[in-house]
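What you see below is based on every heavy atom in this structure, not just the backbone, and it leaves out hydrogens, waters and symmetry mates. The model shown is predicted, which means the values in this text are computed figures rather than measured ones. Ligands are counted one by one from 1 in listed order, and the atoms in each one are counted from 1 as well. Position 1 is the first residue of the sequence; numbering continues from there.
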Amino acid sequence: MTYSGNKPFSHFRHPILLNTQTFLVSSHCPWAGWVHSSSLTCASHQTGTRDQTPAGTEKAGRDREGPQGQRGAAGTERGCRDREGPQGQRGAVVPRCRGAGRAVPALSSAPSCAEMLRGKRVIVTGASSGIGEQMAYHLARMEAHLLLTARTEAKLQKVVEKCLELGAASARYISGSMDSPSLPEEVVREAGNTWGGLDMLILNHIGQSSFTYFNGDVEHVRKLMETNFVSYVALATAALPMLKESEGSIVVVSSVAGRIAGPFTAPYSATKFALEGFFSSLRQEFIIDKVNVSITLCILGYINTESAVSAVSHVIPDTPAPKEECALEIIRAGALRRREVLYPARPVGTMLLLRSIAPELLDSLIRGSYRLENVRRT
Ligand SMILES: NC(=O)C1=CN([C@@H]2O[C@H](COP(=O)(O)OP(=O)(O)OC[C@H]3O[C@@H](n4cnc5c(N)ncnc54)[C@H](OP(=O)(O)O)[C@@H]3O)[C@@H](O)[C@H]2O)C=CC1
Ligand SMILES: C[C@H](CCC(=O)NCCS(=O)(=O)O)[C@H]1CC[C@H]2[C@@H]3C(=O)C[C@@H]4C[C@H](O)CC[C@]4(C)[C@H]3CC[C@]12C
């Protein structure tokens with residue numbers, strides 16, 4: 001059996017090759033300054049049938065898959081929509097995964113992302129908004145089977161509806177909070193019961209955290225570690241038997257804050273550093289044991305999600321990168337079983353380079369790029 005997990009450095013974009021001009025000339029924050037990457041279109045269509053089952057109780061889920069649907073266990077909400085819909089629409093933007101950004105001859109035999117993910121069984125956490133929501137839509141266009149999670153059922157229902165309109169092979173959700181110790185296993189069990197397996201686990205959710213000075217609230221650190229880190233470990237652990245069976249992928253959405261410690265994000269940054277340590281160590285063990293499950297770490301800069309922009313735009317002056325493209329790059333990297341993806345590539349890569357050659361200079365540049373007078377103390 002050939003090991004098809006991460007091929008060390010097969011795609012690592014060594015920052016030295018990056019055009020440092022973007023960083024050195026920019027008078028603003030180094031987090032942004034994103035570059036556009038190419039993406040191509042592919043058709044999408046809709047499949048499946050729709051049945052209504054009575055709405056669940058407050059906690060019990062609504063599984064609208066049909067008579068065999070079961071109510072969610074206490075503490076979770078379920079919902080499912082598989083329905084025949086109008087003909088799909090063309091024009092969906094999906095990447096071809098025949099290599100990161102390289103021009104690919106039309107006759108290339110390499111499968112595109114859409115082909116690689118068609119019919120695949122994918123869990124996306126934190127899928128009710130932001131990057132997770134956009135990943136769900138891209139995966140829907142690629143005709144994947146989707147299980148989406150977050151806390152807000154109303155938002156998840158809307159995302160599931162749109163996923164079916166975009167061509168998802170099927171779409172369902174479980175709502176609940178990932179600071180609950182039982183939810184990770186509940187989510188993975190749902191995937192096993194519904195699909196009989198799992199191909200990709202995209203760990204994306206984060207708990208609420210403010211962009212401000214650390215105020216000594218140790219309980220917040222503990223809770224955020226549960227939500228942003230321990231639940232990722234729990235989900236990956238519960239999913240591993242199915243991922244080993246399918247030789248699937250784990251995609252861990254992290255941040256520059258998990259490699260470079262900036263001010264005002266101490267609790268959040270700690271959780272991202274923890275992800276880096278745990279999943280990089282696990283990847284080493286997979287290589288030793290020839291476990292064919294890839295682990296992709298996504299190192300993201302400033303992205304234009306509503307929650308991020310509302311949290312930091314008064315302090316960080318620059319234009320954040322687009323969440324739609326960010327989501328596409330994450331999916332592409334996961335589909336290609338990459339070790340990591342930097343997005344936006346140039347500013348993030350340049351910052352990581354600067355961290356290794358002049359860390360104090362980088363720290364000073366970061367502090368200098370913020371509107372410190374606007375930081376709100378809690
Ligand atoms: N936006 C940015 O600038 C950057 C983002 N990232 C990373 O990208 C990922 C997504 O970020 P972004 O899209 O901006 O975040 P959003 O705030 O837009 O989305 C967060 C998601 O997590 C869900 N969520 C929040 N709390 C919980 C909880 N306790 N249990 C389960 N789900 C929860 C939210 O849904 P609900 O409220 O319904 O539960 C929502 O779906 C994160 O891992 C983040 O660290 C990394 C670098 C930069
Ligand atoms: C402050 C943001 C977290 C917002 C939040 O609480 N989301 C959940 C809301 S919910 O509970 O209602 O769902 C931070 C999320 C991403 C951070 C940014 C990031 O990771 C990249 C940069 C890292 C750097 O160290 C600091 C600047 C960042 C742009 C950073 C800023 C804070 C976030 C936007």
message: Can you name the atoms of ligand 2, numbered from 1 with element, that are less than 4.0 Å from a heavy atom of Val312?
response: 31 (C), 32 (C), 34 (C)
- request: Under the salt bridge (charged side-chain N to carboxylate O under 4.0 Å, His left out) rule, collect the residues that match up with Arg189, sequence neighbours excluded.
  value: Glu186
- prompt: N/O of Ser209 under 3.5 Å from N/O of ligand 2, yes or no?
  reply: yes
field: Close residues, ligand 1: non-hydrogen atom nearer than 4.0 Å
entry: Gly126, Ala127, Ser128, Ser129, Gly130, Ile131, Ala150, Arg151, Thr152, Gly176, Ser177, Met178, Asn204, His205, Ile206, Gly207, Thr227, Tyr232, Val253, Ser254, Ser255, Tyr268, Lys272, Leu300, Gly301, Tyr302, Ile303, Thr305, Ser307, Ala308
message: Quick check on contacts: which atoms of ligand 2 are under 4.0 angstrom from a heavy atom of Ala308?
response: 34 (C)
Proximal ligand 2 atoms for Ala311, defined as those under 4.0 Å from one of its heavy atoms: 1 (C)
- request: On the 0 to 90° scale, with breaks at 30° and 60°, tag the His205-Tyr232 ring pair as parallel, tilted or perpendicular.
  value: tilted
- prompt: Distance-only, no hydrogens or angles: does the Arg355 side chain make a donor-acceptor pair with backbone N or O of Ile260 under 3.5 Å?
  reply: no
query: Mind checking whether Val188 and Val230 sit in one hydrophobic cluster, side chains of I, L, V, M, F, W, Y counted as touching below 4.5 Å?
result: yes
task: Could I get the full list of ring-ring contact (aromatic ring centres under 6.0 Å, His included) partners for Phe214, not counting sequence neighbours?
output: none
message: Between the side chains of Arg283 and Glu340, is the shortest nitrogen-to-carboxylate-oxygen separation below 4.0 Å, so that they form an ion pair?
response: no
query: Does an N or O anywhere in Tyr268 fall below 3.5 Å from an N or O of ligand 2?
result: yes
message: Do Leu240 and Val233 sit in one hydrophobic cluster, given that two such residues count as connected whenever their side-chain heavy atoms are within less than 4.5 Å of each other, even indirectly?
response: yes
Sub-3.5 Å N/O-N/O distance, Tyr302 and ligand 2: no
message: Out of all atoms in ligand 2, which are within 4.0 Å of some heavy atom of Ser255? Include the element for each.
response: 19 (C), 20 (O), 21 (C), 23 (C)
task: State whether a side-chain donor-acceptor pair under 3.5 Å links Thr125 with Thr149.
output: no
- prompt: Hey, is CD on Glu373 packed in by over 12 heavy atoms from elsewhere, all under 6.0 Å?
  reply: yes
- prompt: Of all residues at least two apart in sequence or in a different chain, which pass the salt bridge (charged side-chain N to carboxylate O under 4.0 Å, His left out) check with Lys223?
  reply: Asp179
task: Within a distance under 4.0 Å of any heavy atom of Ala257, pick out the atoms of ligand 2 and give their elements.
output: 23 (C), 25 (O)
Lys162/Glu165 under salt bridge (charged side-chain N to carboxylate O under 4.0 Å, His left out): CA gap, chis, key distance, verdict: CA-CA 5 Å; Lys162 184 168 178 180; Glu165 286 161 15; over 6 Å; no
query: Heavy-atom contact under 4.0 Å between Arg151 and ligand 2?
result: yes
- prompt: Going by the atom numbers of ligand 2, which of them fall below 4.0 Å from some non-hydrogen atom of Tyr370?
  reply: 26 (C), 27 (C)
- request: Taking only heavy atoms of Ile316 into account, list the atoms of ligand 2 that are under 4.0 Å away from them.
  value: 27 (C), 29 (C)
